[in-house]
Amino acid sequence: MLPAQGLVLAPGFVDVHSHADNAPLLEPPDTSKILQGVTTEVVGNCGFALAPRGAHGVLADTLLQRIFPPIGASWGGFADLFDRLDSLGYVTNMVPLAGHHTLRILAIGMSDAAPTAAQQAAMASALDEALDAGVFGLSTGLIYPPGVFSMTDEIIELVRRLPENGIYTTHMRGEGRGLAASVEEAIRIGRETGRRVQISHLKSAGRPNWEAVPGILATLDAARASGVDIRHDVYPYTASSTMMTALLPPWVQSGGSPAVLERLSNPDTRERIRAQIASDTNGDWENMAAGAGWENIVVASTADGRYEGRSVAAVAAEVGMEPFDAAVKIMLDERLRVTMTVHQMSEADLVAALAHPYTMIGSDGLPPGTGGKPHPRTHGTFPRVLARYAREMGVLSLPEAVRRMTSLPADTFGIPQRGRIVVGAIADLVAFDAQQIADQATYEQPTQVPRGIAWVMQAGKVVVRDGVFCGERTGRRLRPAS
């Protein structure tokens, strides 16, 4: 008999923005989400997916290695990838997206050129194959290569190929001073294609850009009133996390990792990069170093474990270098396989976003298996919303917080038979103590599991009891409703 008295019973939580595409490949299993009550994850976000791999597969691998642990890819398209993952099993249910990066690499490599008609057709064909294999939609990551080189029309042509129930998710071109223009681009894509748009991890990054979120929410409300189906998600923290190469201007990224390493090793080119970051006069890219400051950029994980948990400013002081030079040293030492945590957002903007009725919750947790000191959102996002922002601060009620984690994302992404407790739905459930649930992961100890979750059920089978994973992979790869 499962305990229920005094507990809240909710549908299993849906993490709408995850990068755990590689989780089925891991042993021991990744339990960071199931222990939070998450039973379903949307993967393939920010343009990053593990397929397809073709003639430029090595370029795709070197890009993915900047955030993923070694994968040992042996598949080609999405059908092959899914066969492999299905055979290994899933801890949480997987809702996969096709990623624009790997589609573009397949067709054009890591070039910064616009695609030819034939290359655009190759991307379209690869997307069609991904849809046939069972992806729910398409994602872009427009601050990362090669997505950063794409024009809006290229994306529109791909999004138009999605079925009517498909979804386009986007890590926009700018989340700081370029935020307003980037939102307008996302709205345009939704308006011209008629497809649903999801803005990933909505924020206003960099101290000079704080307090912009309320105005952006008003813009999104106006777009919805005009007929554009556009929604968004957030994570409940004021720090972001991504690959360290995101600190570099877009032109540095052309040609892939070997070309980036060569440019960083060249003294003259390095000085050009230094000057562009320091002057911060070119507004067409997301200059995180200028917006956050080197003291707020912390090494999360590296290929060999060096530097983890220290800010770039602290590393610079230790090695007797300027912070820019220390960042370059870290990237060169680790062959670009470095992730970082960037403290760059305001609590007021986060609260404004969480209060909005169309805001869903996504962890944006980076791929599991890299070690180091990952952002605590990987292990704490969902309990943190329920504890800090619902129970303690009252930003949203408990029922509303649950809705943002369950029925709203299930409806938005077209996830069948989940997100509600109704007759005929799949029994993905979580039971928690509303007064005790809390995240315990911190930036210093980011892998601590939450408290207050009594049990988690997946398809009617108990998979977590008293904060302990029961050991069986009962998740599934889900398919869009027909």
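Please read all numbers here as calculations on a predicted model, not as lab measurements.
In this structure, the side chains of T406 and I421 stay at 4.5 Å or more apart for every pair of heavy atoms. Contact of the D112 side chain with the W251 side chain is not registered, since no non-hydrogen atoms from C-beta on lie closer than 4.5 Å. Within the 4.5 Å cutoff, no side-chain heavy atoms of S240 are placed close to those of H201. A 4.5 Å side-chain heavy-atom check between Y235 and S363 finds every atom pair outside the cut-off. No side-chain heavy atom of P236 sits under 4.5 Å from any side-chain heavy atom of R388. The side-chain heavy atoms of I273 and P249, taken from C-beta on, include a pair separated by under 4.5 Å. Under the 4.5 Å side-chain criterion, counting only non-hydrogen atoms from C-beta, V14 is not in contact with R418. Side-chain contact between M172 and E185 is absent, with no heavy-atom pair separated by less than 4.5 Å.
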Criterion side-chain hydrogen bond (donor to acceptor under 3.5 Å, both in side chains) on Y168 and T140, from CA distance to verdict: CA-CA 8 Å; Y168 167 61; T140 56; 2.7 Å; yes
Trace of the side-chain hydrogen bond (donor to acceptor under 3.5 Å, both in side chains) decision for N296 with Q344: CA-CA 7 Å; N296 291 314; Q344 60 174 340; over 6 Å; no
Chi angles and distances behind the side chain to side chain contact (heavy atoms under 4.5 Å, CB included) call for M123, L127: CA-CA 6 Å; M123 283 191 279; L127 177 57; over 6 Å; no
Derivation and outcome, side-chain hydrogen bond (donor to acceptor under 3.5 Å, both in side chains), residues S257 and R335: CA-CA 8 Å; S257 294; R335 308 294 291 176; over 6 Å; no
Criterion side chain to side chain contact (heavy atoms under 4.5 Å, CB included) on H17 and S139, from CA distance to verdict: CA-CA 11 Å; H17 193 98; S139 77; over 6 Å; no
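Note on ring orientation: taking the six-membered ring where Trp is involved, the planes of H356 and Y358 are tilted (angle from 30° to 60°). Between F48 and H101, the ring planes are tilted. Angles from 30° to 60° get that label.
The distance from the CG atom of L138 to the CG atom of L158 is 6.0 Å, given to the nearest 0.5 Å. In this structure, OG1 in T102 is found 12.5 Å from CG in L59, a value given to the nearest 0.5 Å. Between R84 atom CZ and I71 atom CD1 the span is 10.0 Å, to the nearest 0.5 Å. The structure places CE of M244 at 9.5 Å from OG of S301, a figure rounded to the nearest 0.5 Å. The structure places CE of M405 at 10.0 Å from CG of D15, a figure rounded to the nearest 0.5 Å. Summarising the geometry, atom OH belonging to Y144 is positioned 15.0 Å from atom NE2 belonging to H100; distances are rounded to the nearest 0.5 Å.
For the residue pair T412 / R196, no side-chain donor-acceptor distance below 3.5 Å is found, with atom types taken as modelled. Side chain to side chain, H232 and T359 meet the donor-acceptor criterion of an N or O pair below 3.5 Å.
Here D411 does not pair with R231 in a salt bridge; the nearest charged N to carboxylate O distance is not below 4.0 Å. Ion pairing between R404 and E400 holds under the 4.0 Å rule for side-chain N and carboxylate O. With salt bridges taken as basic N to acidic carboxylate O contacts below 4.0 Å, one links D61 and R53. For the pair R477 and D83, the salt-bridge criterion is not met [side-chain N within less than 4.0 Å of a carboxylate O].
Q65 places no side-chain N or O within 3.5 Å of a backbone atom of R337 that could act as its donor or acceptor partner. Judged by distance alone, with hydrogens and angles left aside, the side-chain atoms of D439 form no donor-acceptor pair with the main-chain N or O of P450 at under 3.5 Å. Using a distance-only test at 3.5 Å, with no hydrogens or angles considered, a donor-acceptor pair links the side chain of R195 to the main chain of L162. R479 places a side-chain N or O within donor-acceptor distance of the main-chain N or O of A133, the cut-off being under 3.5 Å.
Geometrically, R377 does not engage Y237 in a cation-pi contact, judged by NZ or CZ lying under 6.0 Å from the ring centre and within 45° of the ring axis.
Pairing each heavy atom of A23 with each of R473, the nearest pair is O-NH1, 4.2 Å.
With sequence neighbours excluded, the residues satisfying side chain to side chain donor-acceptor pair (under 3.5 Å) with N93 are T40, D428.
Just one residue in the list D364, T242, V43 forms a side-chain contact (heavy atoms from CB on, under 4.5 Å) with H19, and that residue is D364.
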